[in-house]
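Read through the structure below, which is laid out as C-alpha coordinates, and then see the notes.
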Amino acid sequence: MRIELAESYGFCFGVKRAIKIAEENQNSATYGPLIHNSKEIERLNRDFSVGLSEDHKTFKSGDRAVIRTHGIPKNELEELMERKVEVVDATCPYVTKPQQICQEMSERGYDIVIFGDDAHPEIKGVKSYAKDGALVVTSPKDLEDVKLKDKIALVAQTTRRVEDYLEVASYLIPRHKEVRVFNTICNATFDNQEAVRKLSKRADVMIIIGGKNSSNTKQLYNIAKDNCDDSYLIEDESELDFFWFENKELCGISAGASTPDWIIQKVIDSIECRVNAL
Ligand code: SF4
(Lines give C-alpha, C1' and ligand atoms only; values in the text may rest on other atoms or scores of the structure.)
Protein backbone atom coordinates (compact mmCIF):
# COMPACT_ATOMS: atom_id res chain seq x y z
CA MET A 1 0.00 0.00 0.00
CA ARG A 2 1.23 3.49 -0.85
CA ILE A 3 0.87 6.40 1.53
CA GLU A 4 0.35 9.86 0.08
CA LEU A 5 0.11 13.15 1.96
CA ALA A 6 -2.28 15.81 0.72
CA GLU A 7 -0.54 18.67 -1.12
CA SER A 8 -1.41 21.01 1.72
CA TYR A 9 -2.07 19.88 5.30
CA GLY A 10 -1.46 20.58 8.96
CA PHE A 11 -0.33 23.74 10.70
CA CYS A 12 -1.48 26.97 9.17
CA PHE A 13 0.14 30.37 9.42
CA GLY A 14 -2.01 31.42 12.40
CA VAL A 15 -1.17 28.38 14.47
CA LYS A 16 2.56 28.53 13.67
CA ARG A 17 2.52 32.17 14.73
CA ALA A 18 0.61 31.44 17.98
CA ILE A 19 2.99 28.64 18.97
CA LYS A 20 6.01 30.86 18.34
CA ILE A 21 4.44 33.60 20.48
CA ALA A 22 3.76 31.08 23.27
CA GLU A 23 7.31 29.68 23.11
CA GLU A 24 8.66 33.23 23.40
CA ASN A 25 6.54 33.85 26.50
CA GLN A 26 7.67 31.20 28.95
CA ASN A 27 6.04 31.11 32.40
CA SER A 28 2.80 32.48 31.07
CA ALA A 29 -0.63 30.93 30.62
CA THR A 30 -2.88 30.89 27.64
CA TYR A 31 -6.47 31.93 28.06
CA GLY A 32 -8.35 29.03 26.54
CA PRO A 33 -6.51 26.36 24.56
CA LEU A 34 -4.09 28.09 22.23
CA ILE A 35 -4.94 25.64 19.51
CA HIS A 36 -7.28 22.65 19.27
CA ASN A 37 -4.67 20.03 19.97
CA SER A 38 -4.22 18.67 23.48
CA LYS A 39 -0.86 17.04 22.69
CA GLU A 40 0.69 20.30 21.53
CA ILE A 41 -0.70 22.09 24.58
CA GLU A 42 0.96 19.46 26.79
CA ARG A 43 4.27 20.03 24.98
CA LEU A 44 4.10 23.80 25.52
CA ASN A 45 3.44 23.22 29.20
CA ARG A 46 6.22 20.65 29.60
CA ASP A 47 8.94 22.38 27.56
CA PHE A 48 8.06 26.08 27.94
CA SER A 49 6.04 26.30 31.18
CA VAL A 50 3.11 27.77 29.29
CA GLY A 51 0.04 26.86 31.30
CA LEU A 52 -3.62 26.96 30.43
CA SER A 53 -6.52 28.72 32.08
CA GLU A 54 -10.11 28.32 30.93
CA ASP A 55 -11.31 31.34 32.90
CA HIS A 56 -10.06 34.89 32.33
CA LYS A 57 -10.95 35.73 35.95
CA THR A 58 -8.04 33.58 37.20
CA PHE A 59 -5.49 36.05 35.78
CA LYS A 60 -4.23 38.55 38.34
CA SER A 61 -2.37 41.82 38.01
CA GLY A 62 1.12 41.16 36.64
CA ASP A 63 0.23 37.73 35.19
CA ARG A 64 0.90 37.19 31.53
CA ALA A 65 -2.02 35.96 29.46
CA VAL A 66 -1.51 34.66 25.93
CA ILE A 67 -4.72 35.07 23.95
CA ARG A 68 -5.60 31.96 21.97
CA THR A 69 -5.58 31.79 18.16
CA HIS A 70 -9.39 31.98 17.99
CA GLY A 71 -9.55 35.22 19.99
CA ILE A 72 -11.72 36.09 22.98
CA PRO A 73 -14.79 38.27 23.55
CA LYS A 74 -14.14 42.02 23.64
CA ASN A 75 -15.44 42.52 27.20
CA GLU A 76 -13.08 39.83 28.53
CA LEU A 77 -10.12 41.48 26.82
CA GLU A 78 -11.13 44.79 28.39
CA GLU A 79 -11.44 43.16 31.83
CA LEU A 80 -7.93 41.69 31.54
CA MET A 81 -6.54 45.11 30.60
CA GLU A 82 -8.38 46.79 33.48
CA ARG A 83 -6.92 44.25 35.93
CA LYS A 84 -3.46 45.11 34.57
CA VAL A 85 -2.83 41.61 33.26
CA GLU A 86 -0.05 41.60 30.68
CA VAL A 87 -1.88 40.59 27.50
CA VAL A 88 0.05 38.92 24.69
CA ASP A 89 -2.26 38.66 21.72
CA ALA A 90 -1.84 35.47 19.67
CA THR A 91 -5.21 35.90 17.96
CA CYS A 92 -4.79 34.94 14.32
CA PRO A 93 -4.95 38.01 12.05
CA TYR A 94 -7.57 36.18 9.97
CA VAL A 95 -9.79 36.13 13.08
CA THR A 96 -9.02 39.73 14.02
CA LYS A 97 -10.31 40.74 10.58
CA PRO A 98 -13.98 39.64 11.06
CA GLN A 99 -13.86 41.12 14.57
CA GLN A 100 -12.94 44.48 13.05
CA ILE A 101 -15.57 44.15 10.32
CA CYS A 102 -18.29 43.45 12.90
CA GLN A 103 -17.29 46.48 14.92
CA GLU A 104 -16.97 48.85 11.97
CA MET A 105 -20.08 47.75 10.06
CA SER A 106 -22.29 47.69 13.17
CA GLU A 107 -21.14 51.23 13.99
CA ARG A 108 -22.17 52.20 10.47
CA GLY A 109 -25.69 50.90 11.06
CA TYR A 110 -25.53 47.48 9.38
CA ASP A 111 -27.16 44.41 10.88
CA ILE A 112 -24.46 41.76 11.32
CA VAL A 113 -25.05 38.18 10.20
CA ILE A 114 -22.36 35.62 10.99
CA PHE A 115 -22.26 32.28 9.24
CA GLY A 116 -20.78 29.89 11.78
CA ASP A 117 -21.18 27.98 15.01
CA ASP A 118 -22.55 30.13 17.82
CA ALA A 119 -20.85 27.95 20.45
CA HIS A 120 -17.38 28.16 18.88
CA PRO A 121 -14.88 30.41 20.73
CA GLU A 122 -13.98 32.21 17.50
CA ILE A 123 -17.60 33.17 16.88
CA LYS A 124 -18.22 34.15 20.51
CA GLY A 125 -15.31 36.54 20.11
CA VAL A 126 -16.26 37.85 16.65
CA LYS A 127 -19.90 38.37 17.67
CA SER A 128 -18.90 40.41 20.71
CA TYR A 129 -17.49 43.12 18.45
CA ALA A 130 -20.89 43.86 16.87
CA LYS A 131 -22.25 46.91 18.71
CA ASP A 132 -25.83 45.63 19.00
CA GLY A 133 -25.17 41.90 18.77
CA ALA A 134 -25.22 39.69 15.71
CA LEU A 135 -27.31 36.91 14.28
CA VAL A 136 -25.35 33.66 13.97
CA VAL A 137 -26.66 31.18 11.40
CA THR A 138 -25.59 27.78 10.14
CA SER A 139 -27.82 27.69 7.04
CA PRO A 140 -30.39 29.80 5.13
CA LYS A 141 -33.08 28.04 7.16
CA ASP A 142 -32.01 29.99 10.23
CA LEU A 143 -32.82 33.21 8.37
CA GLU A 144 -36.45 32.35 7.66
CA ASP A 145 -38.87 34.42 9.74
CA VAL A 146 -36.09 36.71 10.96
CA LYS A 147 -36.60 40.45 10.60
CA LEU A 148 -33.44 42.24 9.55
CA LYS A 149 -32.60 45.77 8.44
CA ASP A 150 -32.16 46.62 4.75
CA LYS A 151 -28.41 46.95 5.27
CA ILE A 152 -26.64 43.73 6.16
CA ALA A 153 -23.00 42.81 6.61
CA LEU A 154 -22.22 39.11 6.32
CA VAL A 155 -19.08 37.42 7.64
CA ALA A 156 -18.15 33.75 7.97
CA GLN A 157 -16.30 31.67 10.52
CA THR A 158 -12.79 31.24 9.11
CA THR A 159 -13.08 27.47 8.79
CA ARG A 160 -16.40 27.28 6.94
CA ARG A 161 -16.91 25.79 3.48
CA VAL A 162 -17.19 28.39 0.73
CA GLU A 163 -20.06 26.47 -0.91
CA ASP A 164 -22.15 26.68 2.28
CA TYR A 165 -21.31 30.35 2.76
CA LEU A 166 -22.54 31.11 -0.75
CA GLU A 167 -25.90 29.53 0.06
CA VAL A 168 -26.39 31.97 2.94
CA ALA A 169 -25.28 34.92 0.80
CA SER A 170 -27.60 33.82 -2.03
CA TYR A 171 -30.52 33.72 0.37
CA LEU A 172 -29.89 37.23 1.70
CA ILE A 173 -29.03 39.10 -1.51
CA PRO A 174 -32.46 39.04 -3.23
CA ARG A 175 -34.27 39.85 0.02
CA HIS A 176 -32.41 42.97 1.14
CA LYS A 177 -31.40 46.27 -0.43
CA GLU A 178 -27.76 46.12 0.55
CA VAL A 179 -25.80 43.01 1.50
CA ARG A 180 -22.07 43.38 2.06
CA VAL A 181 -20.46 39.94 1.86
CA PHE A 182 -16.97 39.69 3.32
CA ASN A 183 -14.82 36.75 2.47
CA THR A 184 -13.44 35.91 5.90
CA ILE A 185 -12.83 32.23 5.14
CA CYS A 186 -9.12 31.75 5.47
CA ASN A 187 -6.95 30.45 2.65
CA ALA A 188 -5.14 27.94 4.85
CA THR A 189 -8.42 26.16 5.45
CA PHE A 190 -9.30 26.42 1.80
CA ASP A 191 -5.96 25.04 0.60
CA ASN A 192 -6.15 22.09 3.00
CA GLN A 193 -9.75 21.42 1.96
CA GLU A 194 -9.00 21.53 -1.76
CA ALA A 195 -6.03 19.21 -1.32
CA VAL A 196 -8.07 16.69 0.69
CA ARG A 197 -10.85 16.81 -1.91
CA LYS A 198 -8.38 15.95 -4.68
CA LEU A 199 -6.64 13.20 -2.77
CA SER A 200 -9.78 11.55 -1.37
CA LYS A 201 -11.14 11.08 -4.90
CA ARG A 202 -8.20 8.76 -5.64
CA ALA A 203 -7.54 7.16 -2.26
CA ASP A 204 -8.93 3.81 -1.04
CA VAL A 205 -8.63 4.86 2.58
CA MET A 206 -8.25 8.34 4.07
CA ILE A 207 -6.79 9.18 7.48
CA ILE A 208 -7.47 12.65 8.83
CA ILE A 209 -5.39 13.57 11.86
CA GLY A 210 -6.49 16.24 14.30
CA GLY A 211 -8.31 17.21 17.46
CA LYS A 212 -11.84 15.82 17.69
CA ASN A 213 -13.04 19.25 18.81
CA SER A 214 -11.32 21.06 15.95
CA SER A 215 -13.81 22.48 13.51
CA ASN A 216 -11.41 22.59 10.54
CA THR A 217 -10.33 18.98 11.14
CA LYS A 218 -13.97 17.90 11.09
CA GLN A 219 -14.48 19.80 7.83
CA LEU A 220 -11.55 17.93 6.28
CA TYR A 221 -13.00 14.66 7.48
CA ASN A 222 -16.43 15.47 6.00
CA ILE A 223 -14.90 16.30 2.62
CA ALA A 224 -12.85 13.09 2.68
CA LYS A 225 -15.90 11.05 3.64
CA ASP A 226 -17.92 12.58 0.76
CA ASN A 227 -15.42 11.08 -1.68
CA CYS A 228 -14.01 8.08 0.12
CA ASP A 229 -16.21 5.82 2.27
CA ASP A 230 -13.26 4.51 4.24
CA SER A 231 -12.30 7.79 5.87
CA TYR A 232 -11.29 7.99 9.52
CA LEU A 233 -10.63 10.84 11.92
CA ILE A 234 -7.98 10.15 14.56
CA GLU A 235 -6.07 12.24 17.10
CA ASP A 236 -2.93 10.14 17.04
CA GLU A 237 -1.47 6.76 16.06
CA SER A 238 -2.98 4.96 19.07
CA GLU A 239 -6.42 5.18 17.42
CA LEU A 240 -5.38 3.40 14.23
CA ASP A 241 -7.13 0.16 13.41
CA PHE A 242 -5.01 -1.81 11.01
CA PHE A 243 -8.02 -3.58 9.46
CA TRP A 244 -8.76 -0.26 7.76
CA PHE A 245 -5.80 -0.87 5.47
CA GLU A 246 -6.52 -4.43 4.39
CA ASN A 247 -6.53 -4.80 0.58
CA LYS A 248 -6.04 -1.08 0.09
CA GLU A 249 -3.65 0.35 -2.48
CA LEU A 250 -3.58 4.05 -1.69
CA CYS A 251 -3.83 5.56 1.77
CA GLY A 252 -4.33 9.35 1.72
CA ILE A 253 -3.34 11.41 4.73
CA SER A 254 -4.25 14.91 5.78
CA ALA A 255 -4.25 16.81 9.05
CA GLY A 256 -6.10 19.74 10.56
CA ALA A 257 -4.61 23.19 10.96
CA SER A 258 -3.79 22.51 14.61
CA THR A 259 -1.97 19.21 14.10
CA PRO A 260 1.81 19.33 14.64
CA ASP A 261 4.13 17.61 12.18
CA TRP A 262 5.51 15.28 14.87
CA ILE A 263 2.08 13.72 15.38
CA ILE A 264 1.57 13.30 11.61
CA GLN A 265 4.97 11.62 11.30
CA LYS A 266 4.18 9.17 14.12
CA VAL A 267 0.95 8.15 12.36
CA ILE A 268 2.79 7.59 9.07
CA ASP A 269 5.56 5.60 10.77
CA SER A 270 3.02 3.49 12.57
CA ILE A 271 0.99 2.71 9.43
CA GLU A 272 4.14 1.88 7.45
CA CYS A 273 5.54 -0.32 10.16
CA ARG A 274 2.34 -2.34 10.74
CA VAL A 275 1.12 -2.57 7.16
CA ASN A 276 4.49 -3.66 5.83
CA ALA A 277 4.67 -6.29 8.56
CA LEU A 278 1.32 -7.84 7.49
S1 SF4 B 1 -6.99 28.17 10.09
FE2 SF4 B 1 -6.75 30.23 9.24
S3 SF4 B 1 -7.89 31.50 10.66
FE4 SF4 B 1 -7.53 29.62 11.72
S5 SF4 B 1 -5.64 29.98 12.83
FE6 SF4 B 1 -5.09 29.08 10.86
S7 SF4 B 1 -4.60 30.80 9.51
FE8 SF4 B 1 -5.77 31.55 11.27
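As the structure lists them, so they are numbered: ligands from 1, and atoms in each ligand from 1. Please read these numbers as outputs of a predicted model, since none were measured by experiment.
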Are Arg68 and Tyr31 in a cation-pi contact, defined as NZ or CZ under 6.0 Å from the six-membered ring centre and within 45° of the axis?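 Checked: cation-pi criterion met.
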Think Arg46 forms a cation-pi with Phe48, using NZ or CZ under 6.0 Å from the six-ring centre and within 45 degrees of its axis?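 Here Arg46 fails the 6.0 Å and 45° test against Phe48.
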Which of the atoms of ligand 1 are close to Thr69, meaning less than 4.0 Å from one of its heavy atoms?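 Answer for ligand 1: 5 (S).
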Passing option when Tyr232 is tested against Trp244, Phe242, Phe243, Tyr221 for ring-ring contact (aromatic ring centres under 6.0 Å, His included):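 Answer to the ring-ring contact (aromatic ring centres under 6.0 Å, His included) test with Tyr232 among Trp244, Phe242, Phe243, Tyr221: Trp244.
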At what distance is the nearest protein heavy atom to atom 6 (Fe) of ligand 1, and which residue and atom is it?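 Going by distance alone, atom 6 (Fe) of ligand 1 is nearest to Cys12 SG, 2.2 Å.
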Quick one: look up the protein heavy atom nearest atom 8 (Fe) of ligand 1 and list residue, atom name and how far away it is.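 That would be Cys92 SG, 2.3 Å.
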Could you walk me through whether Glu194 and Arg197 satisfy the salt bridge (charged side-chain N to carboxylate O under 4.0 Å, His left out) test, starting with their C-alpha distance in whole Å, then the side-chain angles of each, then the deciding distance to 0.1 Å, before giving a yes or no? CA-CA 5 Å; Glu194 198 44 46; Arg197 187 170 291 121; 2.8 Å; yes
Could I get the full list of side-chain hydrogen bond (donor to acceptor under 3.5 Å, both in side chains) partners for Lys127, not counting sequence neighbours?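 With neighbours one apart ignored, the set is Asp118.
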Closer than 2.8 Å to atom 6 (Fe) of ligand 1: does that hold for any N, O or S atom in Cys186?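 Given the 2.8 Å cut-off, Cys186 does not count as a ligand of atom 6 (Fe) of ligand 1.
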Should one rank Thr91, Thr96, Thr158, Asn187 by closest heavy-atom distance to atom 4 (Fe) of ligand 1, which comes out on top?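 Checking each option, the heavy atom nearest atom 4 (Fe) of ligand 1 is found in Thr158.
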Against ligand 1, does Asn216 come closer than 4.0 Å with any heavy atom?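 Contact absent.
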